[in-house]
Amino acid sequence: DAGVIQSPRHEVTEMGQEVTLRCKPISGHDYLFWYRQTMMRGLELLIYFNNNVPIDDSGMPEDRFSAKMPNASFSTLKIQPSEPRDSAVYFCASSSLRGSYNEQFFGPGTRLTVL
Amino acid sequence: GDSVTQMEGPVTLSEEAFLTINCTYTATGYPSLFWYVQYPGEGLQLLLKATKADDKGSNKGFEATYRKETTSFHLEKGSVQVSDSAVYFCALSKKGAQKLVFGQGTRLTINP
């Protein structure tokens, strides 16, 4: 298996632009998580899905952030409009109750820079 | 709510030194405990885990024992290598839940 795939790996954009981050979870996994990592705030859980349904979005910082999972093999995290304080590394992770107990598999991350 | 507290970093050691990274948790019930490692430029990956009190998780020379009486899960390694330089995260999850609660991470640097 190729593992969790994220794209793009790096994104540089200007303030006010729309940014879309993409994630392909490991095939057969039924949980998908979006995290944000910064030096100041560490690793934060933004939202997670179970069987394509959002379960907990309490970590989404504000209405500028939205996430979707239209099918079991694809999810997006969108920021519109983007702001410099959104600069961070965004990770997607997936897991399965059928697999190793609570082990989440992380993608390589998308490094977002908002100028 | 549930929380995980790790020792402040960064931690800098010489090669072959003994490593301890402290982790304590607050949670109701009997959570499962984990250590994840993040190498430079990569995502997190599971290092070891323990699912009940007194369990010892081990992998790649690292060990951690689930101590319910002290609510701790300290990470240890007898002889560290330069390749162990990374950020280490302690985490917990409640029984039946997939969501993880992470500590703030501890950056470890090993000098040759």
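These numbers come from a predicted model, not from an experiment. Chain identifiers are assigned alphabetically (A, B, ...) following the order of the sequence lines, protein sequences preceding nucleic acid strands; residue numbering begins at 1 within each chain.
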Asker: Is B:Leu19 reachable from B:Tyr36 through a run of hydrophobic residues whose side-chain heavy atoms are each under 4.5 Å from the next?
Answerer: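 Not linked; separate clusters.
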Asker: Does B:Phe89 share a hydrophobic cluster with B:Val101, counting links as ILVMFWY side-chain heavy atoms below 4.5 Å and allowing steps through other members?
Answerer: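 No, it is not one cluster - the side chains of B:Phe89 and B:Val101 are not joined through contacts under 4.5 Å.
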Asker: Same cluster or not: A:Ile55 versus A:Leu77, using hydrophobic residues (I, L, V, M, F, W, Y) connected whenever any side-chain heavy atoms lie under 4.5 Å apart?
Answerer: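 A:Ile55 and A:Leu77: separate clusters.
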Asker: What is the minimum heavy-atom distance between A:Phe91 and B:Gln38, and which atoms define it?
Answerer: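 Nearest pair, atom of A:Phe91 first, then B:Gln38: CZ-NE2, 3.3 Å.
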Asker: Measuring from atom CZ of B:Phe102 to atom OH of A:Tyr35, what distance do you get when rounded to the nearest 0.5 angstrom?
Answerer: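 Nearest 0.5 Å value for the CZ-OH distance: 4.5 Å.
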Asker: Heavy-atom distances under 4.5 Å only: say whether A:Arg111 touches chain B with side chain, backbone, both or neither.
Answerer: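 Neither part, no heavy atoms under 4.5 Å.
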Asker: Just one of B:Leu44, B:Leu100, B:Leu46 clears the side-chain contact (heavy atoms from CB on, under 4.5 Å) bar with A:Gln104, so which one?
Answerer: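 When B:Leu44, B:Leu100, B:Leu46 are each tested with A:Gln104, the side-chain contact (heavy atoms from CB on, under 4.5 Å) holds only for B:Leu100.
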Asker: Going hydrophobic residue to hydrophobic residue with side-chain gaps under 4.5 angstrom, can you get from B:Ile110 over to B:Ile21?
Answerer: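 Yes, same cluster.
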Asker: Applying a strict under-4.5 Å side-chain criterion to I, L, V, M, F, W and Y, I'd like to know whether B:Leu47 and B:Met7 cluster together.
Answerer: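 The answer is yes; both residues are in one hydrophobic cluster.
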Asker: For the CZ atom of A:Phe33 and the NZ atom of B:Lys99, what is their distance to the nearest 0.5 Å?
Answerer: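 Taking CZ in A:Phe33 and NZ in B:Lys99, the distance rounds to 9.5 Å.
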Asker: Can you confirm whether A:Asn50 sits close enough to B:Gln98 that some side-chain heavy atom of one is under 4.5 Å from a side-chain heavy atom of the other?
Answerer: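 A:Asn50 does not reach B:Gln98 side chain to side chain.
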Asker: Could you look at A:Gln37 and say if it's the side chain, the backbone, both or neither that has a heavy atom under 4.5 Å from chain B?
Answerer: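 Contact with chain B: side chain only.
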Asker: Is A:Gln80 atom CD crowded by more than 12 heavy atoms from other residues, nucleotides or ligands, each under 6.0 Å away?
Answerer: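 It does: A:Gln80 CD has more than 12 such atoms within range.
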